[in-house]
Amino acid sequence: QVQLVESGGGLVQPGGSLRLSCAASGRIFSINAMGWYRQAPGKERELVATISSRGMTNNAHSVKGRFTISRDNTKNTVYLQMNSLNVEDTAVYYCNAEIMERYDGRWRDDYWGQGTQVTVSS
């Protein structure tokens, strides 16, 4: 089994910063892309940012210049540094990863964390 565990969410004022972390653990052979998605109340889940195993990143237009995704492959962990937060960033943030489990041999991209709430409010 594989688990993704997020941390770092919370309440922050507009203009503030937060750093999210997501650690993958369990029967992991290899991790390819990792990413962050978010879902606001009444809206569909949307892509925030992704990062390949070699560090190539892709950010949603709405967060470019404000959010930075990074990863530590030695810790199987992906981070999301969020700066200049605004109320439109309020959502549950989910971590996603493409993983090959040991003794499996298949890549699967349906590994998700439980979500962490980010609330931007004055």
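Along the sequence shown, residues are numbered consecutively beginning with 1.
- Aromatic ring pairs are classed by plane angle as parallel below 30°, tilted from 30° to 60° and perpendicular above 60°; the pair W112 and Y94 is perpendicular.
- Residues L85 and I69 share a single hydrophobic cluster, defined by chaining ILVMFWY side chains whose heavy atoms lie under 4.5 Å apart.
- Nearest heavy-atom pair, G115 versus V92, reported as atom, atom and distance to 0.1 Å: CA-CG1, 3.8 Å.
- In this structure, CG in N32 is found 5.0 Å from CH2 in W107, a value given to the nearest 0.5 Å.
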- Item | Worked verdict on I99 versus L4 for side chain to side chain contact (heavy atoms under 4.5 Å, CB included) | CA-CA 11 Å; I99 294 173; L4 273 61; 4.1 Å; yes
Sequence neighbours excluded and cut-off under 3.5 Å, please list the side-chain donor-acceptor pairs for residues 46-58, or say none.
| residue | atom | partner | partner atom | Å |
| --- | --- | --- | --- | --- |
| E46 | OE2 | R38 | NE | 2.7 |
| E46 | OE2 | R38 | NH2 | 3.2 |
| S52 | OG | R54 | N | 3.3 |
| S52 | OG | G55 | N | 3.3 |
| S52 | OG | M56 | N | 3.0 |

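- To the nearest 0.5 Å, the span separating CD on E98 from CD1 on I31 amounts to 10.5 Å.
- Around CD of Q81, the count of heavy atoms belonging to other residues, nucleotides or ligands within 6.0 Å exceeds 12.
- Put simply, the side chain of T77 gets close to the backbone of K75: a donor and an acceptor are under 3.5 Å apart.
- Residues S84 and S17 come closest through the heavy atom pair N-OG, 4.4 Å.
- When side chains are defined from C-beta on, Y93 counts as touching L80, because their heavy atoms get closer than 4.5 Å.
- Put simply, the side chain of E6 gets close to the backbone of C95: a donor and an acceptor are under 3.5 Å apart.
- Considering CZ of R102 and OG of S30, their distance stands at 11.5 Å, rounded to 0.5 Å.
- Interatomic distance, CZ of R45 versus CG of N96, reported as 8.5 Å (0.5 Å rounding).
- In terms of heavy atoms, P14 sits closest to V87 at CG-CG1, 4.4 Å.
- In this structure the side chain of S121 reaches within 4.5 angstrom of the side chain of L11, judged on heavy atoms.
- Considering OG1 of T68 and OH of Y79, their distance stands at 14.5 Å, rounded to 0.5 Å.
- Looking at heavy atoms from C-beta onward, R71 lies out of side-chain contact with N76 at the 4.5 angstrom threshold.
- With contacts defined as side-chain heavy-atom distances shorter than 4.5 Å, the pair T90/V118 does not qualify.
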- Show your working on side chain to side chain contact (heavy atoms under 4.5 Å, CB included) between E101 and I28 and close with a plain yes or no. CA-CA 5 Å; E101 293 191 28; I28 297 171; over 6 Å; no
- Message: side chain to side chain contact (heavy atoms under 4.5 Å, CB included), that's the test. Do V12 and T119 meet it? Break it down for me.
- Response: CA-CA 6 Å; V12 64; T119 302; over 6 Å; no
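- Looking only at side-chain heavy atoms (C-beta outward), C22 and W36 come within less than 4.5 Å of each other.
- When each of N83, D89, N59 is tested with R66 by the rule side chain to side chain donor-acceptor pair (under 3.5 Å), just one qualifies, namely D89.
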